[in-house]
Structure formats: C-alpha cells, structure tokens
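Have a look at the structure below before the remarks.
Convention: sequence-line order gives letters A, B, ...; per-chain numbering from 1.
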2 protein chains.
Amino acid sequence: MRAAHDLSIRRRETLLKGMSAVVALSDDEQQQIRTAGSELREKGSLIAEDGEHRRSSFLASGWALRQEFLADGRRQISGFLIPGDPLAPFSYLGEPVSDGIVAITPVEIVDVTHIGGPRSARLLDVIERFNLTVARDHLQFYRNQMIRLGCHSAVQRMAHLLLELHSRLMRVGLTSDGRYEFPLTQEMLADALGLSVVHVNRVMKQLRSAGLVQQTGGKLQILNRKRLEQLSEYSE
Amino acid sequence: MRAAHDLSIRRRETLLKGMSAVVALSDDEQQQIRTAGSELREKGSLIAEDGEHRRSSFLASGWALRQEFLADGRRQISGFLIPGDPLAPFSYLGEPVSDGIVAITPVEIVDVTHIGGPRSARLLDVIERFNLTVARDHLQFYRNQMIRLGCHSAVQRMAHLLLELHSRLMRVGLTSDGRYEFPLTQEMLADALGLSVVHVNRVMKQLRSAGLVQQTGGKLQILNRKRLEQLSEYSE
DNA sequence: CGCACTGTTGAAATCTTTCAAAAGCTGTGG
DNA sequence: CCACAGCTTTTGAAAGATTTCAACAGTGCG
C-alpha cells in the first residue's frame, strides 16, 4: 500500500518536471500536485470519450493516444500523449475532448481540479497558464502531423514521428542517450501515419537496416539523429 | 471614392453575419465594425507571415490560404480562409500566425483592434468571445483535414473538402442552391489534399462525370450532396 | 498446449505520381 | 486586333509507391 503510494508519487515527478519547465511552482505547490488524487487506468482502456470535459486532467505516467473512427472501421490516430500531456489541451476553448483517448500502457491521470487546500486558487491559475503554453505545443504537433500526412513519403513520416516523440520525451526527462520507452505497435503507427501495417513493418525494417534506429526490448533508440533529421526535414 | 467605400461596407456584411450567428451585437457595435478601418490586399499577396501577431484580424471578403513550405519546395496547405474567418484563430494562446497566409483573391481585412470610440472596450470583449467560438470550429477543420489526409482516398478527400467548404460558406450566406464561388486552382487543391496536380485533375473529372459536382465560370455546384456525403463519410 | 496478438515476408493488384505534351484562357504590348 | 507569354487544365503512358492478400513465425498468457 505504502509502496504503491510512493510509486505513484515518484511518477508524478515527470508531470512536475514538465510543468516546472514552463511555469514557476513553489515548493508548496509542487507538494500539492504530488499528493493530488489520481486515477489509474489499465492498458487498452478508454480514458475519455468524445464530448467529455477533462479540463484539468494530465497524464502523470504512461502513454495514450487520440483516435477517431470512420464508419467503415478505418481509424485515424491524431496524436500520442506522453507523461505531462493534458487530456484536453484546448479545453479553455470550452472544447470538450474531441475524440476518444485510449491508454496504450497502464496510465495514471491526475486531475488537478481535485486539489483542495488553502492556496488551491492560485495553483489553478498557474495550471491555467501551463495549459496555455502546452496547448501551443500541441498545436505544433497537429501541424507536424499534417505535414507528415500531406507531404511526406512513408519513410519520412516514420522518421519525423520518431524524432518528434524523442523531443517530447526528452523534455520531460524520459530519454537517455537517444533511447526511449516505445510502447507503440505497428498497427498504431500505421493508423497514425496513414499507412498500412505491412508497409509500416517494411519502413521500420528499412530504418533499422540503414542503421538509423534500433529497437530492443520495448525501447527505441535513435542511432543517427542527423540523418533522420535531414531525411524528414525535422526541425527543432 | 464613395462607391468604393460603399462596396467595402457592403462586404463587411458577410463578416457581420458570421459574428451575429455566434455573439449578440448591438446596432451600435455593428456600426462600429462596419466603419472599422480595413486593409486591401491583391490576389497572390502575402497577408501575414510566420510569427506575425494578428490577434484581431478577420477576412471581410475574399479567400486566402494557410501554407507551409518544406525545404525541397513541397508545400502543405493546412486550410483555406473564407470571409468571416480570423487570420489567427488561436491567437489567445499567444500563438502568432504559424504559417504564411496568402490571398487567393483580392481580400479585405478588418482589424478590429483599430476600432476606436467610447464603447470599444466592450466590443473587444465581444470579439474575444467570438474568437473563442470560431477557434473551436477551426480546430474541427484541422481534424477534418487530418482525416482527409490520413484515411481518405483521393476521391474521398476531394468530396470531403468540397462539402466542408460548402458548409462553411453557407454559414456566412455565400452559397445559393449548392453553388458557390470557387477560386481554387487544381494546384492549390493538390497541395491541400496531399495529391499531385495531375491526379486532382482526374479526380475532379471523375466527380464531374459522375454527376456529383459541376464547375462553370469560377463557381462550383454540389449536384448530389447525398452521394458525396456517403462517399466521403462527411458529417454535419 | 492453444489462443490471441504482434511482427515478418512474398507476390500481385491498385492507386498515385512522374514525365511529357498539348490545349484553353487571360492579360499585355505592339 | 493579333501575337505572345504565362498560367491552368487536360490527356496518355510508364514508373513508382503503397496496399491487399495470404501465409507463417514469435511471444505472452490463461
């Protein structure tokens, strides 16, 4: 029990790291976030449905994805969520979650509106500002996704996405030496990149045998960032 | 001179129509917008560049597009702007214009921050609320674009886009009987839909000869909305 | 052990692009 | 008014990228 609680608090550090990079948090505020209530969801579960309001929910640990289905069963994954990401980055628009959010791994979700205590008002204000900055980033991720789908070849799409994920994970301290946890199946990659599963497989093979990336034990490593960047015109 | 001024004010009505559908405007406020200063730009001109702040600029008349170039010359058009649309729908994020905006036709741009007068403060507030609602719509257009690029075949993409444009134009009163002004070249369509110009041509031909749309004299008409909708799974 | 899911591979089919050329259209200057 | 340049649309044929179909190997789990 105690151990589980500690683990949960340790996971919260990623979220705190992401927030601290953007807004200043007092020790007290950090402590409030550390001890805020959280929700655990298992791998594969639907975290939020289309139309739900999740104004102040953040992913504290684990990965998730945003998906939309077409009538004929095709699915578009519009993006991936990593620790530190808000479930509804555009919530201040009054915009509810606009598509399904599904847990890719077991996830922990912190809803900061459930934080009580004397200084919670100011904390919510800080979080609002954090939200704004993060929303700007997510707008950029949308644009990245559009560039990939609209302009890139299959190999470029893959390279570009792998680089984007690396950048994002690095910012919250979840990379080491170009290597990061990689829980995405080839089917998810296919639905995100607008490719068939079979082709994703071939493209990954191509990147691997060109010595650009390596994949072992659920982790992915960027071996030649420079080549990947020029291949996919990735910037930043 | 007088004639040109009248024309300009008449054009402003489209913008007003768009705004009135969303927020209540007093006669006085409508008058302020009617007489607000405007900027005219000729066809083909760059209206705003990446990084520019255009917090309160709206297209009063004409069409424009949002584009981003890759190093190798490929271009992604992320969306089209029609009368009533803001140049920077996500400006309250502190987000500057994030890509180039180019005039497709001669355009008139109203910057509502240039409105003076006693009640301008309240008007700005109203406009801010309008902005929020419109931003929500534009988020949807982004998602539409992602679905097109990620899940649709060439014919579906085209059908879906033509339907979206029709819906949007209808909302500001710029359609009649399924017909609307259509200033887009096949090259623009290609860059928006992630297709080659040649293929766009063939796809249009296909839609025309299937009796689904008609194109004459710079106008496009939806002939069989129902079939187009089921073809592209367009909803709303 | 067997089932369900994920990854891998080959071959054929399909969609889309590229290349090349020509025709239509528009505005400009002689 | 014609000629011309420049842009847009159109068409055919060949090349290329990606998908589909089908089958099989690996892995984890009850």
Just compare [options] and give me whichever is closest to any side-chain atom of [X].
X	options	answer
B/T185	D/dT20, D/dT9, C/dT8	D/dT9
A/V198	D/dT19, D/dT9, D/dT20	D/dT20
A/N201	C/dT17, C/dT9, C/dT6	C/dT9
A/R208	C/dT8, D/dT11, C/dT16	C/dT8

I want to check one thing: is the phosphate of [N], taken as OP1 and OP2, less than 4.0 Å away from some side-chain N or O of [X]?
X	N	result
A/Q186	C/dC5	no
B/Q215	D/dT9	no
B/K205	D/dT11	yes

### Message
Any non-hydrogen side-chain atom of B/R157 less than 4.5 Å from a side-chain atom of B/V203?
### Response
no
Checking the side chain of [X] only, and the main-chain atoms of [Y] only, is there a donor and an acceptor separated by less than 3.5 Å?
X	Y	value
B/E68	B/I77	no
B/Q221	B/D177	yes
B/Q76	B/L70	no
B/E108	B/A60	no

Rounded to whole angstroms, how far apart are [atom1] on [X] and [atom2] on [N]?
X	N	atom1	atom2	value
B/M158	C/dT16	CE	P	11 Å
A/M204	C/dT8	CE	P	8 Å
B/E42	C/dG27	CD	P	14 Å
B/I104	D/dC7	CD1	C1'	16 Å
A/M188	C/dC5	CE	C1'	11 Å
A/H152	D/dT18	NE2	P	12 Å
B/L189	D/dC7	CG	C1'	16 Å
A/H199	C/dT6	NE2	P	21 Å

### Query
For B/G194, which contact category applies under a 4.0 Å heavy-atom criterion: base, sugar-phosphate, or nothing?
sugar-phosphate
### Message
Using a distance-only criterion (donor-acceptor N/O pair, under 3.5 Å, no hydrogens), is the base of C/dG7 paired with the side chain of A/R202?
### Response
no
